[in-house]
Trainee: 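Can you read through this structure? Questions will come right after.
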Amino acid sequence: MISERGILDLPSRNRELGLIALAVLITTAGFAAVQLARAEEFSSSPLVAALLFAFAYFVAHAVVRVVLPDADPYVLPITAVLTAIGLIEIYRISPELARDQGIWMLLGLGLFVAVVIAFRDIRRLEELKYTCGAVAVGLLLLTITLGASVNGARLWIRIGGLQIQPGEFAKILLVIFLAGYLRERREVLAAPTRRVLGVGIPALRHALPLLLLCGISLVLLVAMNDLGSSLLFYVIALAMIYIATGRLLYVGAGLGLFALGALGAVQLTSHVQSRIEGWLDPWAVEQTSGYQIAQSIYTIADGGVLGAGFGRGLILNSAGGTIIPYAQTDFIYSVIANEMGLVGAVAVVLLYLLLAWRGFRIATSADDGFSKLLAAGLATTIAVQVFVIVGGVIRLLPLTGLTLPFVSYGGSSVTANFAIAGLLLCISQRANRERPL
Amino acid sequence: MVDQALLVLRIGVLVLLYLFVWRIARTAIRDVRGAQESMIIRPGQGFDPLPMADERPADPMAEPPAPGRLLVVESDVLPAGAAVLLEEHEVLIGRDPHAAAMLEGDGFVSARHAIVRVRGTATSIVDLGSTNGTYVNGDRIAIETRLSPGDEVAVGSTRMIFEPGG
């Protein structure tokens, strides 16, 4: 049944528009502050950039208004604020990088619009689950064979002048595959067929493809020497299996295996060992493996409660490089903590909390298993990624290189995250729509 | 001059940021106070794939089966003995004037309170995030719940017994 509501009479879309307007204000003020601190005089260039940002988001909003009138009103504005904070701090580090990031944001919103239009009926995606799984594995294999090694991690492939990080897209495809596969098999996975030591074990042939896929992904990632993604893939798979079956056995077994794997990795690879050293006592190895993390801690501490202010923090060294290596990608959170202080850094974590909450809320209100698993899987992806990288730069966890979703500099990361936002909106449209009576 | 302007912009951004967080967080707070649902799906609790848009056409020669119904046993707003026929695939319960089970006047019923879904011989009920909840055999339901013959469904002051069709 087609609703007779007008295109302007949509409460949740109007709420979305109001929040996007607020995000545009934040963007304008932030750009103006950085530009002012840089040039010591007012200029119109930050205004032009903010206008472009506003235009792109209003176009995305208009598409959602037409295609997904009942979708969640909070996801898109939250991505706008996060992207804005990222752009502001990247602009602060380097105007050239900010220009690139702006282009990627536009591409990301383009992908968002494409996803929203292509999968407005999210069930279409369920039919593509095996294709998604195959493409995910293919992308990872491609990275291993053609990949260029940057800082010991083989994550990138070069096409022309572009560097692409296929892992960012493989992650989403894997979540789609797992959602489709687990929806189909969860009955047999949850039902034990025999008991071992008093614990019910499901038939191996049902669990085998799943174990195989997790195994392949992990092997691929170990081969790429990328701890962060490896950890992320593993936790996502574990969380989704738990959501599909409601059995703690899988979580217990998974965490046990993880502990074994982690111990093995520490014993066998120097890469992991140096990360652990830098985590436990960065000052003992400050000039070597602890350098990045030590600089990060200094930078965060320097920010204090209210921050040094936009453009006023000690971010760049005299040569024009950043004091923390890779400040614009893995360590963008330290830069935010420096310039916006504890108050701003907490706000960023709150934004991710709200985003993850919307994702899980969409999962609880969805009315079919695939949508539930997909929404929960995507929300878990963002939540775990933020936890691992923020935990890494504040030295709560050993450092693993992951991007901060929507904020970190990087084309693959930004565009992939906008695809996640698009999928969440499509799922919420189905759950919130006016049900035919 | 530049320093004052920077200070204003810096405080302004932080204030706007928290305003933004607050405007979304207050809905989260309302949400947490409401019914807790679980997103963990255990087998046997519905969530089977939904039929795609066009379902198989029914055999035109076959006798249409009698619809199931919800028989009112006690209610402040409906007479006892009234029956809600489950003729559609989705039957809305609530104060909404379009609801099949229209419970207007019951302050403990939400406008769109719950939906009874009929799929072939399986009938289930799902709460639509109502304030006061939907009860099956005395238990508040958190997720879509399969109805068996003789199950008691309670919404606000209305108690109904499920009788399957066939």
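Below, chains carry the letters A, B, ... as their sequence lines are ordered, and counting in each starts from 1.
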Trainee: Looking only at non-hydrogen atoms, find the nearest pair between A:Ala32 and B:Leu9 and report the distance.
Mentor: C-CD1, 4.0 Å
Trainee: Which heavy atom in B:Val13 sits nearest to a heavy atom in A:Ala29, and how many Å separate them?
Mentor: CG2-CB, 3.5 Å
Trainee: Please name the pair of heavy atoms, one in A:Val81 and one in B:Leu17, separated by the smallest distance, quoted to 0.1 Å.
Mentor: CG1-CD1, 3.5 Å
Trainee: Quick check: does any side chain N or O of A:Tyr74 sit under 3.5 Å from a backbone N or O of B:Thr27, one acting as donor and the other as acceptor?
Mentor: no
Trainee: Please classify the contact between A:Leu25 and chain B as side chain, backbone, both or neither, with a heavy-atom cut-off of under 4.5 Å.
Mentor: both
Trainee: What's the spacing between A:Asp368 CG and B:Glu144 CD if we round to 0.5 Å?
Mentor: 10.0 Å
Trainee: Go through the atoms of A:Leu36 and report whether side chain, backbone, both or neither lie under 4.5 Å from a heavy atom of chain B.
Mentor: both
Trainee: Which atoms of A:Leu306 are under 4.5 Å from chain B, going by heavy atoms: the side chain, the backbone, both sets, or neither?
Mentor: both
Trainee: Tell me, yes or no, whether the heavy-atom count around A:Arg120 atom CZ, taken from other residues, nucleotides or ligands under 6.0 Å, exceeds 12.
Mentor: no
Trainee: Could you check whether any side-chain heavy atom of B:Leu7 comes within less than 4.5 Å of a side-chain heavy atom of A:Arg312, counting everything from C-beta outward?
Mentor: no
Trainee: Which bit of A:Ile78 is near chain B, if near means a heavy-atom gap under 4.5 Å: side chain, backbone, both or neither?
Mentor: both
Trainee: Specify which of A:Gly307, A:Gly341, A:Gly30 makes the most heavy-atom pairs with chain B at under 4.5 Å.
Mentor: A:Gly307
Trainee: Which atoms of B:Phe20 come close to chain A, meaning under 4.5 Å heavy atom to heavy atom: side chain ones, backbone ones, both, or neither?
Mentor: both
Trainee: Using a cut-off of under 4.5 Å on heavy-atom pairs, state which of A:Gly344, A:Ala33, A:Ala375, A:Gly18 scores highest against chain B.
Mentor: A:Ala33
Trainee: What's the spacing between B:Ile24 CD1 and A:Leu353 CG if we round to 0.5 Å?
Mentor: 11.5 Å
Trainee: Side chain, backbone, both or neither: which part of A:Pro73 has a non-hydrogen atom closer than 4.5 Å to chain B?
Mentor: neither
Trainee: Is chain B contacted by the side chain of A:Val346, its backbone, both, or neither, given a heavy-atom distance below 4.5 Å?
Mentor: both
Trainee: With a 4.5 angstrom heavy-atom cut-off, could you sort out which part of A:Ala308 is near chain B: side chain, backbone, both or neither?
Mentor: backbone
Trainee: What heavy-atom pair brings A:Ala37 and B:Leu6 nearest, and what distance separates the two atoms?
Mentor: CB-CD1, 3.9 Å
